[in-house]
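Chain naming here is simple, since letters A, B, ... match the order of the sequence lines and numbering starts at 1 in each.
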2 protein chains.
Amino acid sequence: MADVGRLAGVSQVTVSRALSDPSMVSAETLKRIQDAIRVTGYVPNALAGALASNRSNLISALVPSVTNIVYASMLHAFSKIMRARGYQLMVGETGFDLAEEEAVVATHLSRRPDAMLLTGIHHSPAVRRMLLSAAIPIVEVWDITETPIDCCVGFSHVAAAAAAANYAHSHGYRRAAAVTAGDERAARRRDAFVRQFEALGGTPVATVDFPGHASLGGGRQALATLIAEHGFSGGVIFCSSDQFAQGILVEAKARGLAVPSEVAVIGFGDQEFAPHTDPPLTSVRVDREKLGTAAADALLARFAKKTMTNPVTDIGFQIIERETS
Amino acid sequence: MADVGRLAGVSQVTVSRALSDPSMVSAETLKRIQDAIRVTGYVPNALAGALASNRSNLISALVPSVTNIVYASMLHAFSKIMRARGYQLMVGETGFDLAEEEAVVATHLSRRPDAMLLTGIHHSPAVRRMLLSAAIPIVEVWDITETPIDCCVGFSHVAAAAAAANYAHSHGYRRAAAVTAGDERAARRRDAFVRQFEALGGTPVATVDFPGHASLGGGRQALATLIAEHGFSGGVIFCSSDQFAQGILVEAKARGLAVPSEVAVIGFGDQEFAPHTDPPLTSVRVDREKLGTAAADALLARFAKKTMTNPVTDIGFQIIERETS
DNA sequence: CTGAAAGCGCTAACAG
DNA sequence: CTGTTAGCGCTTTCAG
């Protein structure tokens, strides 16, 4: 930066100003500086800038996994807005394990992010303490709580699952099953679905749980298991993800079972392929782009003014009725 | 750090040493320092450390899109290794546009990453210049070239597509079509497939291109288009992605077309669901985890010693024969 | 094994 | 509009 200044015949600070706010230097000085930058191939050092200004322009985003499309698409929407505002993203994967999250949070905080996005509302006491003393805006996503660390953007998993149970019951289903991936929020939905479906007078809900992530193969296997081991002989299957639902459709077709008359399915997530399965998949839609943009908006609002109008943003959900139930 | 030192009765530098290399301080001093850290809740400032040491421990990884599972799973494998070695990932999305890539590269370089992962081997002259003068290890992935910026890890798209054409021909197919997403590498595969299939004596290959990313819906539409507008009446369809292939299977089943006798399909990527479609999908496998780990290994080797044994790593591909062709 | 001093490249005051 | 002076919180180097 000093070299650039020397070449342009100004001091180093003037170069700094030209870069951070061009309106602070005269037009001709600006031009000379820009020329000098081009000639020298100068690349600013954001590290030094961050240290001096105490603003890193970094946002850290922690998700369970980047290979899960629901988190990836949320990140995409989130980062698009943040990038447009000059912030860069540091992405971290926390798995579904609180201890792992703790280590990731610690290393990310050492980079002094200006804000942090966290997935979920359940964190270890150590994480809460670190986050609180970091004193930066924090947004927790994919769930809502009355007691966020700072603010949260999401929806009620209990309400979504109960709505699915109501939907199933009102469409005449009295028998049901649930297929669930190894994810705390999915498990909460499963429990809420079971509770509500049975409360409405449905027969006991059979459940099949997978420890890992949802997959098409898992959905096929789940239907096979339900039939072979749970005596499943018709009814609606509430899935924790559209991936499972798609697998159930494939397996049903392979077995010659009619959908929805013999096997009905409700997916979760309303992923891109849901309208194009055969038959088109009924699913609970969660607007992942909106989740990402609302999370970004919440952080930007916190940057603008310290007072929060409302720390809890419920983006809701929607049951998209198609032809599988 | 000075506070911690005061509490432990040592100077600030000693704390620094205790953190960077515990063996440099005596056992009892170390213990006092660790206690002091616990008491004060001290969180190191990696920004300052990076500025002073000229090593940021940051790696920037640039992919076209994080919502595409093939890039996401590569990133996952890559970051796992890098994180274990103490490096953190800055993720950037470049889209499929060279100009966008330029802006992303510039901002990432300003953060002084210790190395960079780039997707693809085609970059603008400005990007090459910036990267060269950054003088850090660079790995280009998903493709190979004799003239990488620094080193590359990938496979030959031309060879993969030609192998698919050979496979189709040797399995008796004389008619073929290709369905391709809007991605330069996919287009190169399409061209290589067409060239080889026709060279082997196949009839002219009908092509359907989509500007955006591959999807199940796109695959369904592609088969409909091939039948309606290209008079497709049997043969093998080479897809740029398993997503398209899956859509073709769904559409074929919906139309009552037998697979593979009336419509045969070859996917690309061998994604998780490929073995579980009905019938199981024949696909060109690219080991994305291996791609990520090999890219990480290449950078780590560059960190260890400046001389490269071999700058080009070809991880190859494999045609997985299942039942759709 | 520990400490003192210097400085990484920038921004934030304060002057002029 | 521009320059001067002080740091930001660390690591590095050189002494002891």
Side-chain angles (χ1 to χ4, degrees), chain A residues 1-34 36-37 40-58 86 88 106-114 133-136, chain B residues 1-34 36-37 40-58 86 88 106-114 133-136:
Chain A
M1 197 175 249
D3 291 345
V4 171
R6 211 165 300 131
L7 217 152
V10 294
S11 76
Q12 171 263 333
V13 257
T14 307
V15 179
S16 170
R17 283 196 270 254
L19 252 32
S20 62
D21 183 3
S23 72
M24 289 178 76
V25 300
S26 75
E28 60 173 324
T29 305
L30 183 60
K31 200 192 161 314
R32 286 208 314 280
I33 290 174
Q34 285 167 339
I37 287 175
T40 55
Y42 167 74
V43 178
N45 185 330
L47 249 30
L51 182 63
S53 67
N54 204 27
R55 288 182 307 101
S56 63
N57 287 333
L58 277 174
Q88 239 171 297
T107 47
H108 275 249
L109 283 181
S110 77
R111 302 279 174 190
R112 297 293 187 268
D114 288 343
S133 62
I136 54 174
Chain B
M1 196 174 252
D3 292 344
V4 172
R6 211 166 298 132
L7 217 151
V10 294
S11 77
Q12 170 264 332
V13 257
T14 306
V15 178
S16 170
R17 282 195 269 255
L19 253 32
S20 62
D21 182 3
S23 73
M24 289 178 76
V25 301
S26 74
E28 61 173 325
T29 306
L30 182 59
K31 200 193 160 316
R32 286 208 313 280
I33 291 175
Q34 284 168 339
I37 287 174
T40 54
Y42 168 73
V43 177
N45 186 330
L47 250 30
L51 183 62
S53 67
N54 204 27
R55 286 180 308 103
S56 63
N57 288 334
L58 277 173
Q88 238 171 300
T107 48
H108 274 249
L109 284 181
S110 77
R111 301 279 175 189
R112 297 293 189 268
D114 288 341
S133 61
I136 54 174

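Neither OP1 nor OP2 of dT2(C) sits under 4.0 Å from any side-chain N or O of S11(B).
Here dG9(C) presents its P atom at 8 Å from CZ of R112(B), a figure rounded to the nearest Å. With rounding to whole Å, D21(A) atom CG is found 17 Å from dC10(C) atom P. The interatomic distance linking I37(A) (CD1) with dC10(C) (C1') rounds to 14 Å, in whole Å. Rounded to whole angstrom, the span from the CG atom of L47(B) across to the P atom of dG9(C) amounts to 15 Å. Per the geometry, CD1 belonging to I33(B) stands 11 Å off C1' belonging to dC1(C), to the nearest Å.
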- prompt: Which letter, B, S or -, goes with each nucleotide of nucleotides 11-16 of chain D from 5' to 3', with contact meaning a protein heavy atom under 4.0 Å?
  reply: BBB---

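Judged purely by atom type and a 3.5 angstrom limit, T40(B) has no side-chain atom pairing as donor or acceptor with the backbone of V4(B). Judged purely by atom type and a 3.5 angstrom limit, S110(B) has no side-chain atom pairing as donor or acceptor with the backbone of A46(A).
Of all nucleotides listed (dG3(C), dT2(C), dG3(D)), dT2(C) comes nearest to the side chain of T29(B). Side-chain proximity of L51(A) to dC8(D), dG3(C), dT2(C): nearest is dC8(D). Looking at the side chain of S26(A), the nearest of the listed nucleotides dT2(C), dT2(D), dG9(C) is dT2(D).
Among the heavy atoms of the strands lying under 4.0 Å from N45(A) are primed sugar atoms or P, OP1, OP2 only; no base atom is included.
For the pair R111(A) and N57(B), the tightest heavy-atom approach, listed with the atom from each and the gap, is NH2-O, 3.2 Å. Closest non-hydrogen pair, M1(B) versus L19(B), comes out as CE-CD2, 4.0 Å.
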task: Might you work through the side chain to side chain contact (heavy atoms under 4.5 Å, CB included) test for Y42(B) and L7(B), ending with a clear yes or no?
output: CA-CA 12 Å; Y42(B) 168 73; L7(B) 217 151; over 6 Å; no

- request: Check step by step if side chain to side chain contact (heavy atoms under 4.5 Å, CB included) holds for V25(B) and V10(B).
  value: CA-CA 11 Å; V25(B) 301; V10(B) 294; over 6 Å; no

